[in-house]
Structure formats: C-alpha cells, structure tokens
Amino acid sequence: MLKKSKETGQLSSLGMYVHVPFCSTTCDFCAFYQERPSKKGFELFFSGLKREMDHFSPPHSFSTVFIGGGTPGLLGPEQIVRLGEIIHTQNIENLIEWSVEIAPSEITPDKLKNFKEIGVTRISLGVQTFNPQLMKELGRVHEVDRALSAYSLIREAGFSSVNIDLLFGAPGQSLEMWEEDLKRAVQLDPDHISTYCLTFEEDTALFVKLSEGKVKINPEKEATFYEKAWEFLPQHGYPQYEISNYAKPGKTCLHNINTWAMNDWIGYGPSAATQYQGVRRKNLANVEEWAKQWEQSEEGGFAEFEELQPHDLANDAVLFGLRMNQGIDLDEIGQKFKIDELYFAEIESFFHKLQAAGMMEKANTWKLTGKGRILADAIAKELPTEDNFSR
Ligand code: SF4
C-alpha cells in the first residue's frame with residue numbers, strides 16, 4: 001500500500017476524493033461548490049468524471065476513498081451504481097476505508113444498499129444539530145425525527161463505521177443547547193463524532209447576515225463550546241484525536257488522517273483539490289467548464305495550481321499535526337520531507353516559547369495543551385516558515 005512519491009521522496013498512502021456537486025437546498029453556512037440537480041448536470045458530471053479518471057489515473061493503489069459534496073446522497077440508486085463503476089475503474093485493490101457523506105433527508109434503504117454494494121464502508125451523517133429551532137435557523141431541510149430514522153437505517157444496513165457531524169457556534173445556540181446535542185449524539189452510539197465550529201465564509205448567506213450586523217461572531221463563546229466537547233465526549237467513550245474529531249478505538253477517519261499528514265490525495269470532480277507528487281491544484285468550480293476541460297487530451301486550466309517545495313509540505317504537516325492529540329515528531333517530519341535542520345531549529349525555539357507560556361508540552365512528541373488548542377489558529381499564523389526565518 002505504501003508507495004514512494006517521485007518528487008518529494010516521501011512514503012505515502014494515497015487518498016481519493018470525489019466531489020458530487022449537487023444539492024437541492026442551500027444552508028446558510030454552505031461554502032461548498034454545489035448546483036441544483038438537473039438531468040444535464042448529472043450527465044456532465046458522470047461523463048466528466050469518467051474522462052477525468054481515465055486521464056489522471058495513478059499507477060498505484062488508493063488506500064482510502066471519500067465521496068463528498070454537495071450531497072452525494074442525493075444520487076438515485078442507479079446513479080450510485082454508475083458512480084461505483086467509475087470509481088472501480090481505478091486501482092482500489094488495497095482500499096482500507098471508503099466513506100460517503102449523506103444528509104439525513106436523502107437516506108433510503110435502496111440507496112444505502114447500493115452504497116454498500118459498491119464498497120462503501122463508512123457513512124458520515126450530516127446531522128448538525130438535534131435542536132429543531134436551530135435546525136430551521138441554519139436552513140437545514142430535515143427534521144429531527146428524520147435524522148434519527150436515517151441513523152437507524154444506516155445501522156440496519158450494517159456499515160462498519162458511522163460518523164455524526166455536529167455544528168456549534170450558531171447564532172442563538174447556548175452552551176446548554178450544545179451540551180444537549182452532544183448528549184443526543186452519544187446516545188445514538190455512533191463510531192465517530194465530528195464537531196465543526198460554524199464559520200462565516202464569504203459568499204454564504206450567513207456571511208451576508210454578518211455583514212448586515214444581523215449575527216455576530218463571539219470568539220469567547222466559541223472557546224467554551226470547544227471546551228465543552230473536549231471534556232464531554234472523551235468522558236462518554238469518544239477519545240479526541242484531533243481538535244474537532246472524536247472516535248471510538250480503531251474508528252478514526254483514515255482518509256482525513258492521511259490528508260493531515262500531507263500524504264498524497266487526488267480529488268476528482270468540479271472544485272476538488274489534489275495534492276500529488278509535489279503539486280497542489282484545484283479543479284474548476286463549474287460542472288460544465290470542468291467536464292469540458294477533460295474532453296481535451298491535454299490537461300486544461302485549473303482554478304489553482306501550485307508546485308510545492310518540501311518545506312511547504314513539512315510546514316503543513318506541522319500545522320495540521322499540531323491539531324492532532326498525538327502531537328508531532330519533528331525528526332520524523334524532517335526525514336519524511338528531507339528538510340534541513342535550520343527549519344526545525346526555528347520551529348523548536350518557537351515551540352519552547354509556547355511551552356513557557358503553557359501552550360505546548362513535550363514528551364515523545366510536541367503537543368498543544370488545552371490552552372494552546374484554543375489558540376491553535378493564532379499559533380498556526382505565527383509558526384515560522386522558511387519565508388519568515390529572518391524576523
Ligand atoms: S446540504 Fe451540504 S452542500 Fe447542501 S447547502 Fe447544506 S452544507 Fe451545502
């Protein structure tokens with residue numbers, strides 16, 4: 001399963017991400033590329049995906065697949081089979097995890113059966129909240145009962161791992177409401193729980209409300225929500241393994257861990273991002289333009305394209321690694337990305353300052369303390385990079 005990357009020399013497992021760009025609703029907080037489903041859109045998507053995979057097919061096996069969106073659960077049973085056939089044209093013989101994101105309102109036994117038959121092992125259910133009023137305010141279309149019955153159907157279908165996504169920091173959400181959501185999630189007994197702080201991305205309805213002063217950001221309140229989950233979930237059988245992620249033993253999301261370790265992944269579909277053999281790029285966020293691009297024999301334009309240096313990858317491995325509870329081993333990252341010692345001397349001296357301020361600790365690895373975790377984003381911004389060593 002482990003292959004050596006040509007450009008960077010690192011050993012890496014390889015992830016596949018597929019972006020299904022359709023959604024029939026618009027949540028206020030949504031910043032993903034998605035379009036209303038249409039016959040023409042589906043046809044463009046499936047034909048474009050087949051061409052993209054034919055054109056850009058790595059010689060070695062993928063270790064994980066993650067289908068996201070949009071809302072992949074919106075695909076009908078036959079479309080799920082078609083998607084599976086396209087993905088099976090790739091080398092997935094050593095696959096260890098295959099996840100799909102589904103919104104509760106889209107789940108049916110037939111769809112679940114087909115997802116299982118194509119090879120999906122893990123379902124990520126976008127519950128967001130169990131509070132009916134909050135659900136409405138977030139622009140979600142499903143009812144609480146629907147989320148509960150969707151969860152039961154997934155369990156009956158027998159997937160080996162189920163994740164529940166919860167969202168916090170929403171306008172009008174109190175700490176008590178958040179604790180209630182955490183309690184209800186735990187009562188369902190999923191394998192994995194992801195908690196997301198609501199973000200105000202540009203071009204979202206929520207961002208417009210923020211600009212108009214109708215909602216406000218409250219960082220102190222957000223910190224208390226984080227702390228509540230950090231305390232509550234591990235006490236209820238869900239050890240934390242990343243700032244926002246909790247799992248029963250053996251049920252972490254391997255696809256995400258691969259990405260955070262800056263191993264390679266290939267993203268297929270409009271707006272999907274790829275990091276492969278020293279290049280990071282993003283597909284066009286328009287199903288028509290993206291599908292057209294793959295009609296040509298040469299790779300066309302990308303929305304973003306960047307050639308990475310080893311220190312870019314090492315820097316991101318440090319940034320994302322610090323969000324993990326296991327912390328980071330700078331020697332290991334240095335060997336993996338073949339980085340000289342100067343880089344780590346600078347980083348280590350920065351870490352010592354954080355340690356003195358009670359934000360980091362060191363045993364076998366460097367880790368953030370609880371105080372440091374609250375400030376993880378600010379710390380990431382201050383982390384020395386090769387470009388700012390001289391400051
Ligand atoms: S369901 Fe997902 S893709 Fe659709 S609008 Fe909401 S967040 Fe965006």
Side-chain angles (χ1 to χ4, degrees), residues 17-38 41-42 44-45 49 66-76 79-80 83 99-108 111-112 115 120 122-151 153-154 162-173 181 185 193-210 215 244-245 253 255-256 267-273 282-287 290 303:
Y17 173 74
V18 180
H19 189 82
V20 179
F22 305 106
C23 187
S24 48
T25 178
T26 308
C27 301
D28 278 3
F29 55 88
C30 183
F32 305 114
Y33 166 59
Q34 36 105 0
E35 299 204 349
R36 297 262 160 197
S38 68
F42 281 131
L44 282 169
F45 172 66
L49 190 66
F66 195 104
I67 305 175
T71 50
L74 174 148
L75 299 176
Q79 289 172 318
I80 292 168
L83 180 64
S99 303
V100 62
E101 286 177 344
I102 310 192
S105 55
E106 292 149 353
I107 286 183
T108 67
K111 290 185 189 181
L112 291 171
F115 273 127
V120 169
R122 183 175 181 273
I123 300 278
S124 181
L125 185 65
V127 173
Q128 318 308 351
T129 176
F130 294 96
N131 183 296
Q133 184 56 28
L134 209 53
M135 212 175 246
K136 213 163 138 199
E137 279 169 22
L138 289 169
R140 301 290 289 182
V141 289
H142 63 263
E143 304 289 331
V144 176
D145 285 353
R146 190 80 179 98
L148 299 178
S149 61
Y151 182 82
L153 288 174
I154 295 168
V162 182
N163 169 57
I164 286 185
D165 274 350
L166 292 178
L167 197 141
F168 65 89
Q173 187 183 24
D181 273 346
I193 299 177
S194 294
T195 61
Y196 295 103
C197 182
L198 191 66
T199 52
F200 294 76
E201 307 280 344
E202 273 186 62
D203 296 330
T204 63
L206 204 60
F207 187 79
V208 173
K209 286 185 186 168
L210 183 73
V215 294
S244 301
N245 287 283
C253 178
H255 181 84
N256 285 344
Y268 298 105
S271 83
K282 195 162 190 264
N283 283 348
L284 299 170
N286 178 300
V287 71
W290 159 82

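Remember, it's 1-based here, ligands and their atoms both numbered in the order they're listed. Please read all numbers here as calculations on a predicted model, not as lab measurements.
Under a cut-off of 6.0 angstrom, the local environment of CZ in Phe32 is sparse, with at most 12 non-hydrogen atoms contributed by other residues, nucleotides or ligands.
Thr129 places a side-chain N or O within donor-acceptor distance of the main-chain N or O of Asn131, the cut-off being under 3.5 Å.
Residue Leu44 holds its CG atom at 12.0 Å from CG of Leu49, rounded to the nearest 0.5 Å.
Ligand 1 places these atoms under 4.0 Å from at least one heavy atom of Cys23: 1 (S), 3 (S), 4 (Fe), 5 (S). Every atom of ligand 1 with a heavy atom of Thr71 under 4.0 Å away is listed here by number and element: 1 (S), 4 (Fe).
Contact between Gly70 and ligand 1 is present, with at least one heavy atom of the residue lying under 4.0 Å from the ligand.
Between Tyr33 and His19, the ring planes lie parallel to each other; the angle is under 30°, not in the 30° to 60° tilted range.
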